[in-house]
Participant: 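Can you read through this structure? Questions will come right after.
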Amino acid sequence: IQQQPFNEKWLSVQVKFSDIIPELVKVISEGDTEKDSFGRKVGRLKSIITNKPSAIMILSDNKIINTSHPAQKDLVCSLDILCIEKNGTFYFKNYPLKIGNSITFSTDLYSIAGTIIGIDAR
């Protein structure tokens, strides 16, 4: 049986990273890259779209109040990632790229997990 070659394609995805600690927010920057075990670039943080305080709910006078977390942040980022296409589905690190799925972006300095909120398959 002959193996079908896999098609590699760069895709742009929007990812929401929630409740990120300040120490991690400080080291994340546009242009950060992820490399595979062979040293080949497979991901790049293209842009940080939003950087807002995380929301928390507190109870005050028997009322629930939505307010900003004093330290943690929510980031929405645009990532370019090298995917493999199998049977019409794109995969990054063997996980299917679908809105709502988790994705982990790892550099030499940090690793951060988020949720895919948009996919641009140009």
Side-chain angles (χ1 to χ4, degrees):
I1 300 173
Q2 187 170 352
Q3 280 288 100
Q4 185 82 354
F6 296 123
N7 290 330
E8 288 186 329
K9 184 174 183 176
W10 283 93
L11 294 183
S12 183
V13 296
Q14 288 73 47
V15 180
K16 182 173 185 179
F17 301 104
S18 300
D19 301 321
I20 306 304
I21 59 174
E23 295 83 359
L24 184 53
V25 172
K26 279 193 257 181
V27 298
I28 296 172
S29 61
E30 294 177 359
D32 290 348
T33 59
E34 176 169 346
K35 295 181 181 170
D36 65 12
S37 56
F38 303 105
R40 186 173 70 137
K41 185 164 69 169
V42 295
R44 180 177 164 271
L45 198 159
K46 186 164 59 174
S47 65
I48 298 171
I49 299 166
T50 62
N51 177 349
K52 297 179 180 175
S54 298
I56 57 173
M57 287 190 247
I58 58 173
L59 187 61
S60 176
D61 297 328
N62 280 339
K63 293 180 187 166
I64 296 176
I65 299 171
N66 202 11
T67 188
S68 298
H69 193 284
Q72 294 181 339
K73 300 278 189 167
D74 289 348
L75 303 177
V76 174
C77 299
S78 178
L79 303 175
D80 287 334
I81 54 176
L82 184 60
C83 301
I84 293 174
E85 183 181 6
K86 297 183 217 170
N87 302 324
T89 302
F90 289 99
Y91 292 83
F92 179 63
K93 296 192 248 183
N94 293 322
Y95 291 100
L97 275 188
K98 295 183 180 187
I99 294 173
N101 279 5
S102 296
I103 188 169
T104 301
F105 183 72
S106 299
T107 69
D108 292 340
L109 185 59
Y110 63 85
S111 182
I112 186 171
T115 303
I116 297 170
I117 60 171
I119 301 171
D120 185 5
R122 282 185 223 169

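Keep in mind that the numbers below use all heavy atoms, side chains included, and drop hydrogens, waters and symmetry copies. For the single chain, residues carry numbers from 1 onward in sequence order.
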Participant: List for me each residue that meets side-chain hydrogen bond (donor to acceptor under 3.5 Å, both in side chains) alongside Ser111, sequence neighbours excluded, and say none if there are none.
Facilitator: Ser106
Participant: To the nearest 0.5 angstrom, please state how far the CG atom of Leu79 sits from the CG atom of Leu11.
Facilitator: 11.5 Å
Participant: Using a 3.5 Å cut-off and no angle test, enumerate the donor-acceptor pairs between side-chain atoms of residues 15-31 and protein atoms at least two apart in sequence or in another chain.
Facilitator:
| from | atom 1 | to | atom 2 | distance (Å) |
| --- | --- | --- | --- | --- |
| Asp19 | OD1 | Ser54 | OG | 3.2 |
| Ser29 | OG | Asp32 | OD1 | 3.1 |
| Glu30 | OE2 | Ile48 | N | 3.0 |

Participant: Mind checking who shares a hydrophobic cluster with Ile117, ILVMFWY linked at side-chain heavy-atom distances under 4.5 Å?
Facilitator: Ile49, Val76
Participant: What is the minimum heavy-atom distance between Phe92 and Thr104, and which atoms define it?
Facilitator: CE2-O, 3.9 Å
Participant: For Lys86, check side-chain contact (heavy atoms from CB on, under 4.5 Å) against everything at least two apart and list the hits.
Facilitator: Phe6, Ile84, Tyr91, Asn94
Participant: Could you give the distance from NZ (Lys9) to CG (Leu82), rounded to the nearest 0.5 Å?
Facilitator: 12.0 Å
Participant: Taking distance alone, no hydrogens or angles, what donor-acceptor pairs closer than 3.5 Å link side-chain atoms of residues 61-68 to residues at least two apart or in another chain?
Facilitator:
none

Participant: On a heavy-atom basis, which atom in Cys83 and which in Leu97 lie closest, and how many Å separate them?
Facilitator: SG-CD1, 3.2 Å
Participant: Rounded to the nearest 0.5 Å, how far apart are CD1 of Ile119 and NZ of Lys98?
Facilitator: 9.5 Å
Participant: Spell out, yes or no, whether Tyr95 and Ile81 are grouped together once hydrophobic residues are joined by side-chain heavy atoms under 4.5 Å, including indirect joins.
Facilitator: no
Participant: Quick one: side chains of residues 36-45, donor-acceptor pairs under 3.5 Å with protein atoms, not counting sequence neighbours, listed by atom name and distance.
Facilitator:
| from | atom 1 | to | atom 2 | distance (Å) |
| --- | --- | --- | --- | --- |
| Asp36 | OD1 | Phe38 | N | 2.9 |
| Asp36 | OD1 | Gly39 | N | 3.1 |
| Asp36 | OD1 | Arg40 | N | 2.9 |
| Asp36 | OD2 | Arg40 | NE | 3.4 |
| Arg40 | NH1 | Glu8 | OE1 | 3.2 |
| Arg40 | NH1 | Glu8 | OE2 | 3.3 |
| Arg40 | NH2 | Glu8 | OE2 | 3.0 |

Participant: Which heavy atom of Thr115 sits nearest a heavy atom of Gly100, and at what distance?
Facilitator: CG2-O, 3.6 Å
Participant: When rounded to the nearest 0.5 angstrom, what is the spacing between OG1 in Thr107 and CD1 in Ile112?
Facilitator: 10.0 Å
Participant: Kindly check if the number of other-residue, nucleotide or ligand heavy atoms within 6.0 Å of OH (Tyr110) is above 12?
Facilitator: yes
